[in-house]
Amino acid sequence: MPELPEVETIRRVLEPSVTDDKITEIFIRQNRMIRGQSLYFFKQELTGRQILKVDRRGKYLIFRLNHKIFLVHLGMSGQIIRTTDNSVSQNTSFPLPDKHTHLTLWLSSGTVLYFRDPRMFGRYILSDPNDESRLFSNLGPEPLGPQFTPSGLYQDLRKRTASIKALLLSQKIVAGLGNIYVDESLFRAKINPAKPGGQISKKQTKILHESIKLVLTEAVNAGGTSISDFQDPEQRIGNYQNHLQVYGKKGKSCPHCGTIIIKENLAQRGTHWCPSCQK
DNA sequence: CGTATTGTTTTGCC
DNA sequence: GGGCAAAACAATAC
């Protein structure tokens, strides 16, 4: 579910409603995803903190608290649902908390945040602000920030023999792209997903850089992609699934040339491309 | 029964 | 030690 555009959509919804709120109570159903602080201290250290700011880095949501940072990675199926109900939600499409609600935060204004994650690939990390750079040390530049440049991208792809698909998924070349947006970006750039990173020309790299920024910007503006179950904290779905060109389009015609879109496994993921446009 | 799914970490090999 | 590729994690749908 959540790649950069989805996480940014969540961030934008949460920011105005939880900023300056205090965490008054916490309930943990499943502690598998909790990292950083020990379980005992997790609850103790989170309770009473004020949310100063909600940021994002790659696919991580960052709650900046007084003297702590709370990082949330939603994995494959994580979501955050906001209600103003104190016990059982009445506004949601299903009763909350349910068996997939692993963490619940009550805030001083009456807001309740439900953290759901059926597949439990997500992570909740409570740490010191000083640890932030270490926690993000494996992430490449923000694709929509000034650090992401065509020349930097070109340098990082030099001498790499792995496929551009695998490299873009790794988060180390650039942060925030997942399976959907890698396929869409490579289609826009007319680059074959199997092409080794080191074989992409300077000119192609510049186009790839532009394509990534374009696709992500469009997707953020559309409120993310709701393929199966993405919804923002207010339970609204995104709109970018209506703009996808190749992802999920196996057997359909390429919007550019009409050739049938292919889907094959690459880098352990279903990979979609136009065999004619993306040589 | 298989296969597939919007992600990352770990493992093992070269 | 780095780069790379595959397994592993888990739930659910088809």
Side-chain angles (χ1 to χ4, degrees), chain A residues 1-10 29-36 56-61 71-80 94 98-102 115-125 134-140 143 155-186 193-199 212 215-216 218-220 222-232 237-251 263-272:
Chain A
M1 170 175 58
E3 304 180 35
L4 184 150
E6 290 73 40
V7 179
E8 177 62 18
T9 298
I10 292 169
R29 176 186 296 262
Q30 165 64 265
N31 58 34
R32 178 186 301 271
M33 287 91 76
I34 295 177
R35 307 288 158 84
R56 181 193 53 73
R57 177 78 169 92
K59 301 174 191 173
Y60 286 86
L61 202 55
L71 309 184
V72 176
H73 194 293
L74 297 171
M76 200 80 103
S77 60
Q79 58 181 181
I80 300 172
F94 47 87
D98 65 350
K99 66 172 180 176
H100 299 303
T101 306
H102 306 303
F115 294 73
R116 299 182 74 250
D117 191 348
R119 289 173 72 182
M120 297 194 285
F121 283 176
R123 291 192 302 280
Y124 311 129
I125 303 164
R134 179 182 58 79
L135 290 165
F136 292 144
S137 61
N138 286 329
L139 291 186
Q155 282 308 315
D156 290 341
L157 292 178
R158 288 306 83 195
K159 296 183 178 175
R160 302 300 295 265
T161 58
S163 66
I164 185 64
K165 167 92 181 195
L167 292 170
L168 292 179
L169 282 176
S170 76
Q171 308 301 300
K172 291 180 181 174
I173 302 290
V174 59
L177 297 182
N179 205 32
I180 294 174
Y181 299 113
V182 167
D183 282 6
E184 291 296 311
S185 298
L186 290 174
K195 189 164 196 163
Q199 287 181 21
I212 289 170
V215 165
L216 293 178
E218 286 178 357
V220 168
T225 300
S226 293
I227 287 282
S228 61
D229 58 2
F230 169 68
Q231 52 183 26
D232 76 15
I237 65 169
N239 187 43
Y240 200 67
Q241 63 278 11
N242 299 319
H243 300 275
L244 297 175
Q245 314 253 31
V246 289
Y247 183 88
K249 304 297 183 186
K250 175 188 173 187
K263 180 188 179 190
E264 283 179 15
N265 251 49
L266 189 57
Q268 298 183 295
R269 312 304 300 275
T271 301
H272 315 71

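Note that the structure is a prediction, hence the values are computed from the model and not measured. We use all heavy atoms of the structure for the numbers below, so side chains are in, but hydrogens, waters and symmetry mates are not. Here is the naming used below: chain letters follow the sequence lines, and residue numbers restart at 1 for every chain.
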- Message: If only side-chain N and O atoms count, and only distance matters, is there a donor-acceptor pair under 3.5 Å linking A:Y240 with A:E6?
- Response: no

- Where each residue is assigned the nucleotide of DNA chain B containing its nearest heavy atom, which of A:N265 and A:Q268 is assigned the position nearer the 5′ end? A:N265

- Quantified in whole Å, what is the C1' atom distance between nucleotide B:dT8 and nucleotide C:dA13? 23 Å

- Task: State which residues pass side-chain contact (heavy atoms from CB on, under 4.5 Å) with A:T9; sequence neighbours excluded, sorted by chain then number.
- Result: A:F230, A:D232

- Query: Counting any heavy atom closer than 4.0 Å, what does A:K263 reach on the DNA or RNA strands: base, sugar-phosphate only, or nothing?
  - Reply: sugar-phosphate

- Given B:dT9, is OP1 or OP2 found less than 4.0 Å from the side-chain N or O atoms of A:R123? yes

Tabulate atom names and distances for all N/O pairs under 3.5 angstrom spanning the protein and nucleotides 3-5 of chain C.
| unit_1 | atom_1 | unit_2 | atom_2 | d |
| --- | --- | --- | --- | --- |
| C:dC4 | OP1 | A:T161 | N | 2.5 |
| C:dC4 | OP1 | A:T161 | OG1 | 3.1 |
| C:dC4 | OP1 | A:A162 | N | 3.0 |
| C:dC4 | OP2 | A:R160 | NE | 2.7 |
| C:dC4 | OP2 | A:R160 | NH2 | 2.5 |

- Task: Would you please confirm or rule out a distance under 4.0 Å between OP1 or OP2 of B:dT8 and any side-chain N or O of A:H73?
- Result: yes

- Task: Would you check if A:F121 stacks with the base of B:dT8, given a 5.5 Å centroid limit and a 30° plane limit, both strict?
- Result: no

- Message: If I take atom CZ in residue A:R158 and atom C1' in nucleotide C:dG2, what distance separates them, rounded to the nearest angstrom?
- Response: 18 Å

- Looking across every strand, which nucleic acid part, if any, lies under 4.0 Å from A:G122 by heavy atom: base, sugar-phosphate, or nothing? nothing

- Query: So do A:N179 and A:Y247 actually touch side chain to side chain, heavy atoms under 4.5 Å?
  - Reply: yes

- side-chain contact (heavy atoms from CB on, under 4.5 Å) against A:Q30, all qualifying residues, sequence neighbours excluded: A:R32, A:M33, A:H102, A:M120

Using the 3.5 Å cut-off, write out each protein N or O paired with an N or O of nucleotides 12-14 of chain C and the distance between them.
| unit_1 | atom_1 | unit_2 | atom_2 | d |
| --- | --- | --- | --- | --- |
| C:dT12 | OP1 | A:K99 | NZ | 3.2 |
| C:dT12 | OP1 | A:H100 | NE2 | 2.7 |

- Write down the distance between CD1 (A:I125) and P (B:dG7), rounded to a whole number of angstrom. 16 Å

- Compare all side-chain heavy atoms of A:D183 with those of A:K165 and state whether any distance is below 4.5 angstrom. yes

- Message: Rounding to an integer number of Å, can you tell me how far A:L177 CG sits from B:dG7 C1'?
- Response: 13 Å

- In whole angstrom, give the distance that lies between atom CZ of A:R119 and atom C1' of B:dT9. 15 Å

- Can you find a pair of side-chain heavy atoms, one from A:L4 and one from A:R56, that are under 4.5 Å apart? yes

Under-3.5 Å N/O pairs linking protein and nucleotides 12-14 of chain B:
none

- Message: Working to the nearest 0.5 angstrom, can you tell me the gap between A:Q79 CD and A:L74 CG?
- Response: 9.0 Å

- Item | Secondary-structure string, 5' to 3', Watson-Crick or G-U under 3.5 Å, | for another-strand partners, for DNA chain C | .||||||||.||||

- Query: Taking side chain as C-beta onward, heavy atoms only, is A:L186 less than 4.5 Å from A:L168?
  - Reply: yes

- Take atom NE2 of A:H272 and atom C1' of B:dT5, then tell me their distance rounded to the nearest Å. 11 Å

- Item | Short side-chain N/O contact to B:dG7 OP1/OP2 from A:Q171, under 4.0 Å | no

- Message: Whole angstroms only, please: what is the CE-C1' distance between A:M33 and C:dA10?
- Response: 10 Å

- Validation row: A:Y60, A:R123 side chains within 4.5 angstrom (heavy atoms): yes

- Task: Measure the shortest side-chain to side-chain distance between A:I164 and A:V182 over non-hydrogen atoms and say whether it is less than 4.5 angstrom.
- Result: no

- Below 4.0 Å: OP1/OP2 of C:dA10 and any side-chain N or O of A:R32: yes

- Query: With sugar-phosphate meaning primed atoms plus P, OP1 and OP2, does A:Y247 contact a base, only sugar-phosphate, or nothing at under 4.0 Å between heavy atoms?
  - Reply: sugar-phosphate

- Nucleotide B:dT5, atom P - distance to CD of A:E3 in whole Å: 13 Å

- Do the non-hydrogen side-chain atoms of A:H272 and A:K249 ever get within less than 4.5 Å of each other? no

- Task: Check the distance between B:dG7's C1' and A:I180's CD1 and give it to me in whole angstrom.
- Result: 12 Å

- How about A:T161 and A:Q199: do any of their side-chain heavy atoms sit closer than 4.5 Å? no

- Check: A:Q268 side chain, A:L266 main-chain N or O, donor-acceptor pair, under 3.5 Å: no

- Item | A:E264 side-chain N/O to A:G270 backbone N/O, donor-acceptor pair under 3.5 Å | no

- Message: Classify the ring geometry of A:Y124 against A:F115: parallel below 30°, tilted from 30° to 60°, perpendicular beyond 60°.
- Response: perpendicular

- Earlier contact from the 5' end, DNA chain B, for A:R35 and A:T271: A:T271

